[in-house]
Amino acid sequence: MSKLQPVRGTADLLPDVMAQHRLVIDTARRTTARYGFQEMATPIFEFSEVFSRPLGESSDIVTKENYSFADRGGEMLTLRPENTAGVVRAMISGGLTQSLPLKYFYAGPMFRYERPQKGRMRQFHQIGIEYLGPTDALADAEVISAGARLLAELGVLDQCVLHLNSLGDAASRAAYRAALVAFLQADESRLSDDSKRRLAMNPLRILDSKDPGDRDILQSAPQLQDYLNAESKAHFSALTTALDTAGVAWMFDPLLVRGLDYYCHTAFEFVTDALGTQGTVLGGGRYDGLAEMLGGPAVAGVGWAAGIERLAMLAGAKTPTAPTAPKVAVLSTDADADIAAFRLAEMLRDAGIDIDFPTTGSIGKKLKKAARAEIKLAIILGGDELVKNNVQLRNLADGTQSEVMMDDLADVVAAALLAP
RNA sequence: GCGGGUGUAGCUCAGUUGGUUAGAGCGCCAGUUUGUGGCACUGGAGGUCGCCGGUUCGAAACCGGUCACUCGCCCCA
């Protein structure tokens, strides 16, 4: 902490960037509400076990990736690395399993203790939805459609490809996993060092290894879809039929996997190549096993999450952010008029008009700054105007100026703002 | 946790084989204009050259360490 700087992997959201985030969040709230998802929030930290229990063997995540600490009472807490576990925990602790199905939308900061890189901060922000209760493939279809609709609303859907895969149910996955491990063990010596480790820890992850040698071996590896039982095949085909009906374009991606045991059936990601290595813009899937792993009843669930920073980078480039700064400024010409100008600014704000009221500099400086801030109308008030009970109303776009009586001012300004 | 690249003014960057007061553009402040903006001109403020140590008569420059940023790997719930 030698210099005063933000904690590694965190960043300030100044108004320019904040406006982009607002756009993403507001669009997502509106779009998911069209599907009946309602906004809720969970705490940004939980007992560590909420996040560690569902993870099983993937020790890297717990020890390396979680932002965990002990509080003063000695409780181990973790800043939420994602929101699904928290939402499911809220469902269990709140007894909400009595009111299924639940459709939730959330937005907020998440934390992972990782080496920062493009689009991966230690504090980042996500939006997401969770659909709790239904096991039907049509629920998956609604969730995916809501994601596609959000991307379309943001104007970025055409830069994304929907990758879709089925992991099958627990029995199908166990059978495939055994077959894959057997196949890879035969060639273990040729695997990359990373994949040798994955073979013991999380073999499905080898499927999306970036190592060329691994990819070569995988050419003849057993295929996940060949191990799906009838029920799993039916779920997937019902989903793809629904997506086709809704006009949601998708691409079958047999290498798209989820390593954790509570995942099943649907896995999907909207991927772009416009953001470097971190190409997933919005991703999710079905997690029917999660609630039980957290110690609750067996409640199915399906959902997705999306990084606000990544969406803002994509959408911000093409969607001009709505300027929220005032378009009208009240400028006093000298100190004697300041208090009257302040009162005038308040009166106009009472009338519902956004007012900028600069307090420093000469009238020339105030006008200069107002012009630079893209103020449309300057209301100039000085000794002469106080005597005559009027103001100078100057249009900074065309340089025209007129006298307006104080009593008419609010109406005149409101009308002028409506003009183009 | 591992590897590559980069750290000079608020921002974008120059800075010669190591040489004395470290520069530019933009931005900021002020003046030309004591009640009227954009342009122009003039002036000004602002830098422990990321930090610590070493080599040297002399370091922004060379060496080591460290911190930060950045790109990638691991991981990605």
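Protein chains get the first letters and strands the later ones, always in sequence-line order, with residue 1 at the start of each.
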hbond_proxy A:K210 side chain to B:C73 base (donor-acceptor, 3.5 Å cutoff)
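Looking at the base of B:C73, it does not pair with any donor or acceptor on the side chain of A:K210 (distance under 3.5 Å).
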Please state whether the base of B:G1 and the side chain of A:E65 form at least one donor-acceptor pair under 3.5 Å?
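No such pair is found, so the answer is no.
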So, using salt bridge (charged side-chain N to carboxylate O under 4.0 Å, His left out) as the criterion, who are the partners of [X] when residues are at least two apart?
| X | value |
| --- | --- |
| A:K368 | none |
| A:E269 | A:R258 |
| A:R8 | none |

Quick one: which residue pairs count as a salt bridge (Lys or Arg N to Asp or Glu O under 4.0 Å) with a foot in residues 36-56 of chain A, not counting sequence neighbours?
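Non-adjacent pairs meeting salt bridge (Lys or Arg N to Asp or Glu O under 4.0 Å): A:R29-A:E39, A:E46-A:R89.
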Can you pull the salt bridge (Lys or Arg N to Asp or Glu O under 4.0 Å) pairs that have at least one residue in residues 130-146 of chain A, sequence neighbours excluded?
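For residues 130-146 of chain A, and leaving out neighbouring residues, the salt bridge (Lys or Arg N to Asp or Glu O under 4.0 Å) pairs sorted by first residue read A:K103-A:E142, A:D140-A:R286.
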Proximity to the side chain of [X] - top-ranked nucleotide from [options]:
| X | options | value |
| --- | --- | --- |
| A:R8 | B:C69, B:C73, B:C75 | B:C69 |
| A:E82 | B:A77, B:G35, B:G37 | B:A77 |
| A:R112 | B:C69, B:C74, B:C76 | B:C76 |
| A:P116 | B:U70, B:C75, B:U36 | B:U70 |
| A:R205 | B:C74, B:C76, B:G37 | B:C76 |

Quick one: ring-ring contact (aromatic ring centres under 6.0 Å, His included) partners of [X], sequence neighbours excluded?
| X | value |
| --- | --- |
| A:Y263 | none |
| A:F124 | none |
| A:F69 | none |
| A:H163 | none |

Parsed dot-bracket for RNA chain B after applying the Watson-Crick and G-U rules with both distances under 3.5 Å and | for other-strand partners is (((((((..((((.....[...)))).(((((.......))))).....(((((..]....))))))))))))....
What is the distance from [atom1] of [X] to [atom2] of [N], rounded to the nearest Å?
| X | N | atom1 | atom2 | value |
| --- | --- | --- | --- | --- |
| A:D208 | B:C74 | CG | P | 9 Å |
| A:R89 | B:A77 | CZ | C1' | 17 Å |
| A:D211 | B:C73 | CG | C1' | 11 Å |

Short N/O separations, protein against nucleotides 28-31 of chain B, under 3.5 angstrom:
| unit_1 | atom_1 | unit_2 | atom_2 | d |
| --- | --- | --- | --- | --- |
| B:C28 | OP1 | A:R372 | NH1 | 2.1 |
| B:C28 | OP2 | A:R372 | NH1 | 3.1 |
| B:C29 | OP1 | A:K369 | NZ | 2.8 |

Take A:V24 and A:R310, measure what side-chain contact (heavy atoms from CB on, under 4.5 Å) needs, and give me the verdict at the end.
CA-CA 10 Å; A:V24 170; A:R310 292 185 197 176; over 6 Å; no
Please confirm whether A:R122 makes a cation-pi placement over A:Y113, using NZ or CZ under 6.0 Å from the six-membered ring centre and within 45° of the ring normal.
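Checked: cation-pi criterion met.
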Identify the pairs formed between an N or O of the protein and an N or O of nucleotides 9-11 of chain B at a distance under 3.5 Å, and give each distance.
none

